[in-house]
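Structure first, commentary second.
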Amino acid sequence: MSHSTEPKTPTTAPTLPGGATVDVAALKLAHTPVAPEQNGGDHPTTGAVGLGVLAGAKFGVWEMSTGTMFDVEAEEIFIVIEGRGQVVIDPFGGLPKQAVDLLPGTLMRLSEGMKTTWTITETLRKVYVTPDNSTAATSSDRQQQ
């Protein structure tokens with residue numbers, strides 16, 4: 001975060017060892033209010049739990065209640081498993097402003113530095129994967145963005 005949707009301090013949870021499973025829809029996530037400078041309306045909350053590290057990438061589950069929040073993204077790929085909403089990405093990397101509908105099954109990549117507005121209409125839960133150190137992206141990764 002500078003203000004990433006990827007959690008800074010995940011809720012305590014055991015690392016997911018090889019061969020183990022977790023029901024990501026059933027995980028209990030402790031929510032906290034979105035910081036005032038990120039609150040875009042309706043006072044949303046977020047909750048997250050980190051589940052471990054695999055090949056230098058952190059993974060876990062993140063959730064946002066209904067409402068709107070502003071964010072500056074880190075490198076991330078995620079898949080929505082529950083809920084609905086929309087993320088608007090300000091012009092970035094030569095691309096125009098874009099709006100993406102989020103619903104179960106949506107797979108999306110975010111790039112470090114993207115400015116986004118998340119408007120959630122039904123509590124949204126996603127599974128995320130992000131580098132352990134977001135500055136580790138190679139120049140070829142950045143060229144593909």
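Bear in mind that the values here come from a model prediction, so they are computed numbers and not experimental data. Below, all heavy atoms of this structure are taken into account, side chains as well, without hydrogens, waters or symmetry copies.
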Give me the atom names and distance for the closest heavy-atom approach of Pro104 to Ile81. CB-O, 3.8 Å

Grab the two heavy atoms, one from Ser111 and one from Phe92, that are nearest each other, plus how far apart they are. CB-CE2, 3.7 Å

Going hydrophobic residue to hydrophobic residue with side-chain gaps under 4.5 angstrom, can you get from Leu103 over to Leu110? no

Within the structure provided, determine whether Asn39 and Pro44 are in side-chain contact (heavy-atom separation under 4.5 Å). yes

Following the transitive rule for hydrophobic clusters with a side-chain heavy-atom cut-off under 4.5 Å over Ile, Leu, Val, Met, Phe, Trp and Tyr, establish whether Ile79 and Ile77 coincide in one cluster. yes

Same hydrophobic cluster for Val53 and Leu27, using side-chain heavy-atom links shorter than 4.5 Å among ILVMFWY? no

Checking salt bridge (Lys or Arg N to Asp or Glu O under 4.0 Å) against Glu63, which of Arg125, Lys28, Lys126 comes through? Arg125

Same apolar cluster: Ile120 and Val100, side chain cutoff 4.5 Å: yes

Met69 with Val88, same ILVMFWY side-chain cluster at under 4.5 Å: no

Please identify which of these residues, Lys115, Met114, Gln38, meets the side chain to side chain contact (heavy atoms under 4.5 Å, CB included) condition with Val72. Lys115

The criterion is salt bridge (Lys or Arg N to Asp or Glu O under 4.0 Å); which residues satisfy it with Arg84, sequence neighbours excluded? none

Run the side-chain contact (heavy atoms from CB on, under 4.5 Å) test on Glu73 and Ile89 for me, step by step, so that the C-alpha distance in whole Å, both residues' side-chain angles and the decisive distance to 0.1 Å come before the verdict. CA-CA 10 Å; Glu73 303 300 335; Ile89 303 168; over 6 Å; no

How many angstroms lie between atom CE of Met64 and atom OG1 of Thr119, to the nearest 0.5 angstrom? 7.0 Å

Indicate yes or no: at least one non-hydrogen side-chain atom of Trp62 is less than 4.5 angstrom from one of Thr46. yes

Contact check, side chains of Asp42 and Thr66, non-hydrogen atoms, under 4.5 Å: no

Closer than 3.5 angstrom, by distance alone: can the side chain of Glu75 be matched with the main-chain N or O of Glu112 as a donor-acceptor pair? yes

Restricting to side-chain contact (heavy atoms from CB on, under 4.5 Å), what partner residues turn up for Ala26, sequence neighbours left out? Asp23

Identified side chain to side chain contact (heavy atoms under 4.5 Å, CB included) partner of Phe59 from the options Val127, Val129, Thr130: Val129

Verify, without hydrogens or angle tests, whether Ser65 (side chain) and Thr45 (backbone) share a donor-acceptor contact under 3.5 angstrom. yes

Testing the basics here: between Tyr128 and Phe78, what is the closest heavy-atom pair and its distance to 0.1 Å? CA-CB, 4.1 Å

Check step by step if side-chain contact (heavy atoms from CB on, under 4.5 Å) holds for Thr106 and Asp101. CA-CA 8 Å; Thr106 301; Asp101 290 328; over 6 Å; no

Check: Glu82 and Thr123 side chains under 4.5 Å, non-hydrogen atoms: no

Could you state the interatomic distance from NZ (Lys58) to CG (Leu51), rounded to the nearest 0.5 Å? 12.5 Å

